[in-house]
Amino acid sequence: MHRQIVILLAATLILTSVLHADEDDTTILEVMHDELMRNFDALQNQEVPPYFTSYEVTQEESVNVQASFGEVTGVNQSHNNGIYIDLRVGDFQLDNTHPTSSFNVSGNFGEFPLENPDALRSALWLRTDQEYKQAIKDYQNVKTTVQSQVEKEDKSGDFSPAPKETYMTPTIDLIVDEDLLKQKIELYTEQFSVADHIQANSGSVRARIESRWLVNTEGSRIKVSEAYFNLVITASAKADDGMVLTKSITYQGDSQDVLFSQDSKILADVDKLIKDLKALRDSPLVDPYTGPAILSGRASGVFFHEILGHRLEGHRQKSDDDGQTFKDKIGEYVLPETFSVIFDPTIREFEGAQLVGDYEYDNEGVKAQRVVIVDRGILKGFLMSRSPIEGFPVSNGHGRKSNGSNLIVARQSNMFIEVEDKVSPEELEEMLIARAQEQGKEYGLIFDDIQGGFTFTGRFMPNAFNVSPVLMYKLYPDGTKEVVRGGNMIGTPLTTFSRVEHASTEIGIFNGMCGAESGWVPVSTVSPAILVSQIEVQKADSSRDLPPILPSPVRPPADRSIHQHSHQH
């Protein structure tokens, strides 16, 4: 089923899609296919003809409303059309996209009206001409470079065939009621106006429709249209030592109804965010630490995404510049035998919560599919685009990119960490205390929330990771929890994964945008809370600026607390 987004109330409509009928989509695909084959056939007369070409035309429409402290600060809308062309000369084994020290990328070709067939043909014709000329230059450079290099260990080719696909969903109309979006974002951010410890606050609600038309010389014709509706609320406070403390909460939906049906939860979460920042502001700094820790469901989702997921992307096993952490570990244990890792972009929600890493076809026209990467602890495979690697000759539907000038590479989608023999959250905390005592530690650490992080996969520097917790607790043997701040979790992947021990029944969902070589793509991770027998925490970087000397002009009214305020709506 395709996603639909309908936002209709008695107000001015500020943005609507130019395409409505299925016949418009068919016309676009026909124009693209006819121009593709006309250009492809004509180029067969050249000395070095292309052996494969694909056209992807994209249309992105969005509306974004921002607010701060209960007042709207901006309304933005955008409409962008783009062309991405994958034109290959040479053959499947060696072509112009072969990695060298320099390469060209295709990308957007300005604005052109999709509803005008002649304008679309002209844009495709001109871009194809430019891409072919560049492909010839790149191919000559590739052949020269390959001749001067030692033979590669991985002898797989540069591209793999894929089945012909025919698929089309109707274009989704984006119809937005500006007044309603303003009302909602004002409601969600006004609690910050009565919290004197909050220095900055922002909120945004964004509705976006992305439609893609794809044709290639293998005969595929694909049209997909996706709706994304998301809400992000961020606030920050400053501790007395100058440390800036920032925390965000996010919500997803494929329609207005799904997103705004969470009103009571959003308001409660805002209330908790305000209280968490106050607790963090008043909390002590964490000392450098090596010992056991629990990562909550959402925190472990970020952990697995950053530290494991990127190292499972197929092209990283082939690049001479990559650390290739798991390249030679197929059939070996990389996690406890109770842990499995599955990627499945065909799943749109989990227990009623929206997942953003879903899609029907990837950017290379390959159907989305479920892939078991780790089966009961044993590494079985990698996320694959149409760039093959040794032992994995074809795509499994994970060739992805964002709109714009980015080459397609293997990327993550919806990641599921499935664990057998899970224990209760209380039992997991008891295990944490036991591990801390065994290691002679006064306490164990609990990472309640992780905002993000980064990982290095290349050989030019240590293959390490650094993730940034937002909310941490010390858990003492008597069950007391103390909020601490100012630490980053660091380590190396193989050592850290060897120390993952147990998981609890508490499940968390991480939805976010992941940035890598092919741009920013939406991803999700569904993961339980986990116990790691040993992690390392280092002190985080911090601002040295003094907190404000003047008192805040904001004071909660005497007759209502922040908590009471959140329940008036």
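What you see below is based on every heavy atom in this structure, not just the backbone, and it leaves out hydrogens, waters and symmetry mates. Please read all numbers here as calculations on a predicted model, not as lab measurements.
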Show the numbers, then the answer: is there a side-chain contact (heavy atoms from CB on, under 4.5 Å) between Met32 and Leu120?
CA-CA 8 Å; Met32 292 173 63; Leu120 178 56; 4.2 Å; yes
Mark yes or no for whether Arg298, through its side chain, and Ile450, through its backbone, hold a donor-acceptor pair below 3.5 Å.
yes
When rounded to the nearest 0.5 angstrom, what is the spacing between OG in Ser220 and CG in Leu214?
7.0 Å
Parallel, tilted or perpendicular: which fits the ring planes of Tyr51 and Phe159, with parallel below 30° and perpendicular above 60°?
perpendicular
Return the minimal non-hydrogen interatomic distance between Val356 and Ser524, and the atom names on each side.
N-OG, 2.8 Å
Exercise: identify the closest heavy-atom pair between Ile172 and Ala227:
CD1-N, 4.0 Å
Expected output: side-chain Asn64 to main-chain Gln77 donor-acceptor under 3.5 Å:
no
Salt-bridged, Glu218 to Arg88, with N to O below 4.0 Å?
no
From CD1 (Ile342) to CG (Asp375), nearest 0.5 Å
7.5 Å
Pairwise side-chain contact, Glu71 with Thr73, heavy-atom cut-off 4.5 Å (strictly under)
no
In the structure I gave you, are the side-chain heavy atoms of Leu259 and Val205 within less than 4.5 Å of one another anywhere?
yes
Taking all non-hydrogen atoms of both residues into account, name the closest pair between Leu187 and Leu267 and its distance.
O-CD2, 3.9 Å
Do Phe303 and Phe510 have ring centres separated by under 6.0 Å?
no
Rounded to the nearest 0.5 Å, how far apart are CZ of Arg348 and CG of Asp358?
4.5 Å
Does a salt bridge link Arg127 with Glu35, judged by any charged N lying under 4.0 Å from a carboxylate O?
no
Is the NZ or CZ atom of Arg386 both under 6.0 Å from the centre of the six-membered ring of Phe52 and within 45° of that ring's axis?
yes
Exercise: do Thr53 and Thr217 side chains pair donor with acceptor under 3.5 Å:
no
Does the Lys NZ or Arg CZ of Arg208 fall within the cation-pi geometry relative to Tyr228 - under 6.0 Å from the ring centre and within 45° of the axis?
yes
Evaluation steps, side chain to side chain donor-acceptor pair (under 3.5 Å), between Ser225 and Thr171
CA-CA 5 Å; Ser225 193; Thr171 300; 5.1 Å; no
Does Arg316 reach the main-chain N or O of Leu312 with its side chain, forming a donor-acceptor pair under 3.5 Å?
no
Okay, side chain of Gln44, backbone of Asn39: is any donor-acceptor separation there less than 3.5 Å?
no
Of all heavy-atom pairs between Pro345 and Asn414, which one has the smallest distance, and what is that distance?
CA-ND2, 4.0 Å
A side-chain contact here means heavy atoms from C-beta on lying under 4.5 Å apart; do Val341 and Phe416 qualify?
no
How many angstroms lie between atom CD1 of Ile307 and atom OG1 of Thr325, to the nearest 0.5 angstrom?
11.5 Å
Any side-chain to backbone donor/acceptor pair from Lys401 onto Gly519? Under 3.5 Å, distance only.
no
Given side chain to side chain donor-acceptor pair (under 3.5 Å), test His398 with Ser413 step by step and report yes or no.
CA-CA 7 Å; His398 281 81; Ser413 57; 2.9 Å; yes
Using a 4.5 Å cut-off on heavy atoms from C-beta on, say whether the side chain of Gln354 contacts that of Asn230.
no
Kindly indicate whether the side chain of Gln412, heavy atoms from C-beta on, has any atom under 4.5 Å from the side chain of His310.
yes
Mark yes or no for whether Lys223, through its side chain, and Thr169, through its backbone, hold a donor-acceptor pair below 3.5 Å.
yes
Do Arg38 and Asp34 sit within salt-bridge range, that is, some charged N less than 4.0 Å from a carboxylate O?
no
Using a 3.5 Å distance criterion without hydrogens, assess whether the side chain of Asp173 forms a donor-acceptor pair with backbone atoms of Ile175.
no
Got Tyr84 and Ile408 here, is their nearest side-chain heavy-atom distance under 4.5 Å?
yes
Let's go through Val224 and Tyr359 carefully: what are the C-alpha distance in whole Å and the side-chain angles of both, what is the deciding distance for side-chain contact (heavy atoms from CB on, under 4.5 Å) to 0.1 Å, and is it a yes or a no?
CA-CA 9 Å; Val224 292; Tyr359 50 89; over 6 Å; no
Indicate yes or no: does Glu360 engage Arg212 in a salt bridge with an N to O separation below 4.0 Å.
no
Are Ile373 and Leu379 packed together at the side-chain level, in the sense that at least one heavy-atom pair is separated by less than 4.5 angstrom?
yes
Nearest heavy-atom pair of Pro50 and Tyr132: which atoms, and what distance?
CD-CE1, 4.0 Å
Keeping Gln59 on the side-chain end and Leu114 on the backbone end, is there a donor-acceptor pair under 3.5 Å?
no
Look at the side chain of Arg311 and the backbone N and O of Pro493, then say whether any donor-acceptor pair between them is shorter than 3.5 Å.
no
Taking atom CD of Glu313 and atom CZ of Phe382, what is their separation to the nearest 0.5 Å?
11.5 Å
In Å and rounded to the nearest 0.5 Å, what is the CZ to OG distance from Arg400 to Ser385?
12.5 Å
Mark yes when over 12 heavy atoms from residues, nucleotides or ligands other than Lys164 sit less than 6.0 Å from its NZ; otherwise mark no.
no
Specify the closest pair of heavy atoms between Gly399 and Glu364, including all atoms of both residues, with the distance to one decimal.
CA-OE1, 3.9 Å
Is there side-chain contact between Phe465 and Glu306, with heavy atoms separated by less than 4.5 Å?
no
With side-chain contact (heavy atoms from CB on, under 4.5 Å) as the test, would you mind laying out the steps for Trp213 and Val31 before giving the verdict?
CA-CA 11 Å; Trp213 295 259; Val31 168; over 6 Å; no
Measure from the side-chain N and O atoms of Gln252 to the backbone N and O of Thr250, and report whether any donor-acceptor pair falls under 3.5 Å.
no
Should the ring pair Phe260 and Tyr188 be called parallel, tilted or perpendicular, given that the plane angle runs from 0 to 90° and is split at 30 and 60?
tilted
Asp95 and Thr97: CA distance, side-chain angles, deciding distance, side chain to side chain donor-acceptor pair (under 3.5 Å) verdict
CA-CA 6 Å; Asp95 66 26; Thr97 70; 2.7 Å; yes
What verdict does the side-chain contact (heavy atoms from CB on, under 4.5 Å) test give for Val270 and Ile233, after you've listed the backbone C-alpha separation in whole Å, the side-chain angles of each residue and the deciding distance to 0.1 Å?
CA-CA 8 Å; Val270 168; Ile233 299 171; 3.8 Å; yes
